[in-house]
Amino acid sequence: MKAAALGPEERAEALAGMAERELDILVVGAGVVGAGTALDAVTRGLSTGLVEARDWASGTSSRSSKLIHGGLRYLEMLDFALVREALKERGLLLERLAPHLVKPVPFLYPLQHKGWERLYAGSGVALYDAMSMARGHGRGLPMHRHLSRKHALRVAPCLKKDALVGALQYYDAQMDDARYVATLVRTAAMYGAKVANRARVTGFLREGERVVGARVRDGEGGGEYEIRARQVVNATGVWTDDTQAMVGERGQFHVRASKGIHLVVPKDRINSTTGLILRTEKSVLFVIPWGRHWIIGTTDTDWDLDKAHPAASSADIDYLLEHVNSVLGVPLTRDDVEGVYAGLRPLLAGESDATSKLSREHTVAHPVPGLVVVAGGKYTTYRVMAKDAVDEAVHALDQRVAECVTEDVPLAGAEGYRALWNARARIAAQTGLHVVRVEHLLNRYGALAEEVLALIGEDPGLGAPLGGAEDYLRAEVVYAASHEGARHLDDVLTRRTRISIETFDRGTRCAKEAAELMAPVLGWDKDQVEREVEHYEKRVEAERESQLQPDDLTADAARLGAPDIAAP
C-alpha cells in the first residue's frame, strides 16, 4: 500500500472532505495518543478525521526523553501491570510495528553501595528482563549484565572512579518522538483517515446534551468548517481541561501539567559507549545516546503557565548540570549545551500533591453523549490508550465494529525496511550517496526513504547537506513540506528534523536555506520566506533569553516574547 502524501493539496482536500459528510470518529489532537487513536479507528473500518490546532506532536509528544521503555522504576512502586503492559508494547514496536524508528539503547546504572545494592537493583533488572521475555516480546534486546567497577569504567570512562563500586547494564529502546507521530499520522491517512494540522477546534456542535461534531478554524486558509461526527474523541493531553471546558460540562477527572526539561550536548563531551541512568532525590536522571549527541534529562516540576511553549529556566538547567556532574570526571558547563527543550507531561490529578507521584496510568471517560476523553498514560503505551478510547467510542455506535487490529499494523516505512537495510551499500552505490547517508535516511523514513531518494534523482542538488546542519540533506526539507505536512519553517527545524536542538546556533544558520527549499512546495513568495526566517530567529532569541531567567515566571514571560507564526 502506497503511503499517503500530506502536502498542501491533500490537507485542503481532507478539511473539505471532513466537512462534507458525517464521520464515525473525529479525533481532536494529534499527539501520539490522538494519532494512534485515528489509526486504530480507521483500521477498524470507521470513517475517521483527525484535526490538530498546531503541528503534529507540537506539544508533549515532541518533547519527551525519546524513550520507549517499560518503566523500570515503576517496578519499585510495585506497579507490575503497568510495566508488563509497557514491555509488551516496547517489544511490538521494536520487532513488528516500527523497527525503522524504534532502536535498542544500552544504559549503565552505577552502584554506589557494596553488597545489598547490587542484590536489590540486580533483582529488579532481572525481573524487568524476565517480564519482557515472558510475554515473548523481549527477543530484540540483550539481557542485563553485572559489571565490576573496572569493567564499568571501560564501558563509561567518563565516570568518576569514586562515583561507583560496580554497575548494572540493561537495555531499553528509543525513537525520535516527533518523527514517530508524523509517521503514525501518515499511516492513518494511508488507510483512509482525513487529517489536517493547523486546524483548531473552536467549539463543539451540540444537539441537546449530545456532542455531534466540532467547529474548526483553518489556521492556514482562514476558513471555518463544521465537522459532524457520531463520536468525538478529545485527545488533547495537557489541554484536556481547556478542551473539555468548551462543552460546558465538568470533567470526570483533571489533568495537571508537569514540566520536564532536557539538555543536548555533543557526543565528545561525555566519553561513554553506553547511556547512563542515575538516581536523584526526586526521580531518575538519564544520559541518553542521540546520534552525534547526548540527551540529558529530566526534571519533574509542577507547571501552570503557558502550555504551548513551556520554558526552561536557568534553575532547571543548573539542576541537570549539577546532578550529571556529580558522577562525571570532566564536568559539563553551560558552554557545552547545544540545545534545551521543555515539555509537559499530562498527569491525572488527584493521586498526590507531588507531580513525580501523580498517576502515569491513563483514563478514558464518556462525560457527555458523543464525547470521549482520553488522558494520562505514557508514550510507550499510546497504542493501548488509543484502543481503549476507540473501544469506548464504539460502545455508542449502533453498529457492529471490528476489534482493534493495530497490534498487526506496521507503520508506514516498516514494510521492507530490513531488506533495504541489508541492501544499503548497493543503494549508496546506485545513488552516489555515502552509505552513512543512506543509513541515516533508512533510520528516519524506513522504506519511505525511497521517496526521498526519488526527489534527489529528480534534482541532484537536493542530495547535498543542508548548510549549517550537515547531518541532514536538502531533500529532507522538501520532503517534510511535500509529504509530511510541514507548514512552517518551525515545523521542519524543530520536529521533522531536530536541528533546533542539535546545533549550537539552534538552526539559525540554515533557516534561510531551509525556508527557500520549502517555498516552491508551499507557494511562498519572497516576503513569506523572510517572515518565516524572522519568526524562527525571534523564537530562538526568546528561548535563549528564557533560559537565562532565574525561575518559571520570568522564563515564561521571556519565552512569550516570540508570538506564533502567522499563516501566509
For the side chain of [X] and the backbone of [Y], is there at least one donor-acceptor N/O pair under 3.5 Å apart?
X: Asp306; Y: Pro310; result: no
X: Ser64; Y: Ser61; result: no
X: Glu52; Y: Asn197; result: no
X: Trp524; Y: Asp527; result: no
X: Thr497; Y: Val492; result: yes
X: Arg206; Y: Glu209; result: yes
X: Asn234; Y: Thr236; result: yes
X: Tyr417; Y: Leu448; result: no
X: Thr363; Y: Ala375; result: no
X: Lys259; Y: Ala311; result: yes

Under a 3.5 Å threshold, yes or no: a donor from one side chain and an acceptor from the other, between [X] and [Y]?
X: Arg559; Y: Ser546; result: no
X: Trp290; Y: Glu502; result: yes
X: Ser65; Y: Thr298; result: no
X: Glu543; Y: Gln547; result: no
X: Arg495; Y: Ser62; result: no
X: Glu476; Y: Tyr445; result: yes

Ion pair [X]/[Y], N-O distance below 4.0 Å:
X: Asp491; Y: Arg54; answer: no
X: Asp408; Y: Arg96; answer: yes
X: Lys66; Y: Asp176; answer: no

Any side-chain heavy-atom pair from [X] and [Y] closer than 4.5 angstrom?
X: Val28; Y: Val233; answer: no
X: Arg383; Y: Leu93; answer: no
X: Val211; Y: Leu205; answer: no
X: Ile499; Y: Cys510; answer: yes
X: Arg531; Y: Lys526; answer: no
X: Val364; Y: Val373; answer: no
X: Arg256; Y: Trp303; answer: no
X: Val409; Y: Leu97; answer: no

Problem - Pairs where residues 454-474 contributes a residue and the test salt bridge (Lys or Arg N to Asp or Glu O under 4.0 Å) is met, not counting sequence neighbours - result: Arg292-Asp471, Arg474-Glu513

Completion exercise
So the side-chain hydrogen bond (donor to acceptor under 3.5 Å, both in side chains) pairs with at least one residue in residues 5-16 (sequence neighbours excluded) are Arg11-Asp218

Fill in the blank from the handout: side-chain hydrogen bond (donor to acceptor under 3.5 Å, both in side chains) pairs touching residues 385-394, sequence neighbours excluded, are Arg44-Asp391, His362-Asp388, His366-Glu392, Lys387-Asp391

Handout entry: side chain to side chain donor-acceptor pair (under 3.5 Å) partners of Arg496, counting only residues at least two apart
Key = Asp55

With sequence neighbours left out, write down each residue that passes side chain to side chain contact (heavy atoms under 4.5 Å, CB included) with [X], or none if nothing qualifies.
X: Ala365; answer: Gln252, Phe253, Pro367
X: Ala475; answer: Val452, Ile456, Leu462
X: Ala414; answer: Pro99, His100, Pro410
X: Arg544; answer: Arg506, Val540

Exercise for the section: Assess whether side-chain contact (heavy atoms from CB on, under 4.5 Å) is satisfied between Phe204 and Thr243, documenting all intermediate values. Expected result: CA-CA 9 Å; Phe204 289 105; Thr243 310; 3.8 Å; yes

Donor-acceptor contacts under 3.5 Å from residues 180-192 side chains, at least two apart:
residue, atom, partner, partner atom, Å
Tyr180, OH, Tyr382, OH, 2.8
Thr183, OG1, Arg179, O, 2.8
Arg186, NE, Ala4, O, 2.8
Arg186, NE, His483, O, 3.4
Arg186, NH1, Tyr479, OH, 2.7
Arg186, NH2, Ala4, O, 3.0
Arg186, NH2, Glu451, OE1, 3.4
Thr187, OG1, Thr183, O, 2.6
Thr187, OG1, Ala412, N, 2.9

Exercise for the section: Identify the heavy atoms of His535 and Asp564 that sit nearest to each other, and give their distance. Expected result: NE2-C, 3.7 Å

Problem - Closest non-hydrogen atom pair, Leu489 against Ala514 - result: CD1-CB, 3.7 Å

Practice task
Flag yes if more than 12 heavy atoms outside Lys512 fall under 6.0 Å of its NZ atom; otherwise flag no.
Solution key: no

Practice task
Inspect the surroundings of CD in Glu415 and state if more than 12 heavy atoms from other residues, nucleotides or ligands are less than 6.0 Å away.
Solution key: no

Practice task
Apply the test side-chain contact (heavy atoms from CB on, under 4.5 Å) to residues Arg509 and Thr503: give CA-CA distance (whole Å), side-chain angles for both, the deciding distance (0.1 Å), then the verdict.
Solution key: CA-CA 9 Å; Arg509 280 178 57 208; Thr503 57; over 6 Å; no

Practice task
Scan Thr406, Val372, Thr48, Val27 and name whichever one has a side-chain contact (heavy atoms from CB on, under 4.5 Å) with Thr37.
Solution key: Val27

Practice task
Would you check, one step at a time, whether the test side-chain contact (heavy atoms from CB on, under 4.5 Å) holds for Asp490 with Arg539?
Solution key: CA-CA 9 Å; Asp490 190 56; Arg539 190 206 109 158; 2.4 Å; yes

Practice task
Verify whether the ring centers belonging to His488 and Tyr536 lie closer than 6.0 Å.
Solution key: no

Identify every side-chain donor-acceptor pair in residues 221-230 under 3.5 Å, counting partners at least two apart or on other chains, and give the distances.
residue, atom, partner, partner atom, Å
Glu224, OE2, Arg217, NE, 3.1
Arg228, NH2, Glu207, OE2, 2.6
Arg230, NH1, Asp24, OD1, 3.0
Arg230, NH1, Gln399, OE1, 2.4
Arg230, NH2, Gln399, OE1, 3.3

Practice task
With sequence neighbours left out, write down each residue that passes ring pair (Phe, Tyr, Trp, His ring centres under 6.0 Å) with His309, or none if nothing qualifies.
Solution key: none

Problem - Residues in ring pair (Phe, Tyr, Trp, His ring centres under 6.0 Å) contact with His262, at least two apart in sequence or another chain - result: Tyr341

Practice task
Evaluate side-chain contact (heavy atoms from CB on, under 4.5 Å) for Val477 paired with Leu466, printing each intermediate quantity in order.
Solution key: CA-CA 9 Å; Val477 177; Leu466 189 63; 4.0 Å; yes

